[in-house]
Number of protein chains: 2
Amino acid sequence: MIYDVMKKLKEKGYRITPQRRIIMEKIVQTAGLLTADEIWNLVRQEYSDIGLDTIYRNINMLTENGVLIPITGMGKERTRYELAHANHHHHVVCVKCGNAVCIDYCPIDEEFIKLLRKSGYELIRHNVELLGLCAKCKLCEENR
Amino acid sequence: MIYDVMKKLKEKGYRITPQRRIIMEKIVQTAGLLTADEIWNLVRQEYSDIGLDTIYRNINMLTENGVLIPITGMGKERTRYELAHANHHHHVVCVKCGNAVCIDYCPIDEEFIKLLRKSGYELIRHNVELLGLCAKCKLCEENR
DNA sequence: GTTGCTGCAAAATGTTTGCAGCTTT
DNA sequence: AAAGCTGCAAACATTTTGCAGCAAC
């Protein structure tokens, strides 16, 4: 998995530095939604001298090359990144505690894409921002 | 329209300052997606001494009180605000030129809300981020 | 007269960039 | 050796905050 990505990047002229490799490893290991900051903290456990700017430069590069997908609009949270290879899904985020779960179903179907085409737009990318109340926080609300 | 909002805010203990009124007026007049910065520029035409911080304080207040809805994830753009009373819709944004159009249809239906409930989440708010290529930019792409 | 709101300045936050030196190729 | 990559520091962009004075009630 990591090797395939690395190979592809290498073919494109990118170099495989230890920093780059560890960043990828951590993202693959976690297999979740991560912020630049969270990636930084994970990577620093193994490579303490890495700068946050290197993290940013790399996640931007990986995003441009289709390895990562940026998930914006998680409430007031900053952008999170996810591996692109994962099967397409969305997330519900709890407005109280910030916890998120994956939703495997996607409401953007062929019909909807056709509708957009009629409006003159060819859909390239989409992201469904879902904010809700998780079971736990809902209970807390009710008991007040 | 503006009077109803003002009345409600007044009842909640907020004061009606000229700044606040002009901010509301400009947003209602424009009836579109506006950034804090754009609102600032509109308001300054009439009230040149207003600070950007006042704009921020007011849009935050109006958002907390359900008058405005924040629309995040417009590509790499910053948060835009829209009047909450407008009938529910979404937007497609062109990745090239940044132009957006409203899409009156919403793919988040009752079925989907039930599905989320099964996952333990009660949906509160949603936003569908759609990035595409507009007709104009698509033409440019093809002619290269 | 209270209390809230504003403008100012400063801070906080999140991200990007210029540069010199180092590493990968 | 050449190119790209890193760390550092500084810049940048956006948003928030402390405070003193002012305005709405």
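Model, not experiment: these values are computed from the prediction. All heavy atoms count here, side chains included; hydrogens, waters and symmetry mates do not. Below, read A as the first sequence line, B as the second, and so on, with proteins coming before strands; counting in each chain starts at 1.
Regarding A:Asp49, its CG atom lies at a distance of 15 Å from the C1' atom of D:dC5, rounded to whole Å. As rounded to whole Å, 7 Å separates atom P of C:dT15 from atom OH of A:Tyr81. Nucleotide C:dG14 holds its P atom 13 Å from the CD1 atom of A:Ile59, rounded to whole Å.
For A:Ile16, the listed nucleotide lying nearest its side chain is C:dT25; candidates were D:dT6, C:dT25, C:dT16. Proximity note for A:Arg15 (side chain, C-beta onward) versus D:dG7, C:dT6, D:dG4: the nearest is D:dG4. Minimum atom distance to the side chain of A:Tyr14 is reached by D:dC5, of the listed C:dC5, D:dC5, C:dT24. Of all nucleotides listed (D:dG7, D:dT16, D:dC5), D:dG7 comes nearest to the side chain of A:Tyr47.
Considering CD1 of A:Ile103 and NE2 of A:His91, their distance stands at 9.0 Å, rounded to 0.5 Å.
When heavy atoms are screened at a 4.0 angstrom cut-off, A:Arg78 is found touching the sugar-phosphate backbone but no base atom. As judged by a 4.0 angstrom heavy-atom cut-off over every strand, A:Asp53 is placed among the base-contacting residues.
The two residues A:Ile23 and A:Thr54 have their closest heavy-atom pair at CD1-O, 4.3 Å.
The base of C:dG7 sits within donor-acceptor range of the side chain of B:Arg57, with an N or O pair under 3.5 Å.
Centroid-to-centroid, the aromatic rings of A:His90 and B:His126 stay 6.0 Å apart or farther.
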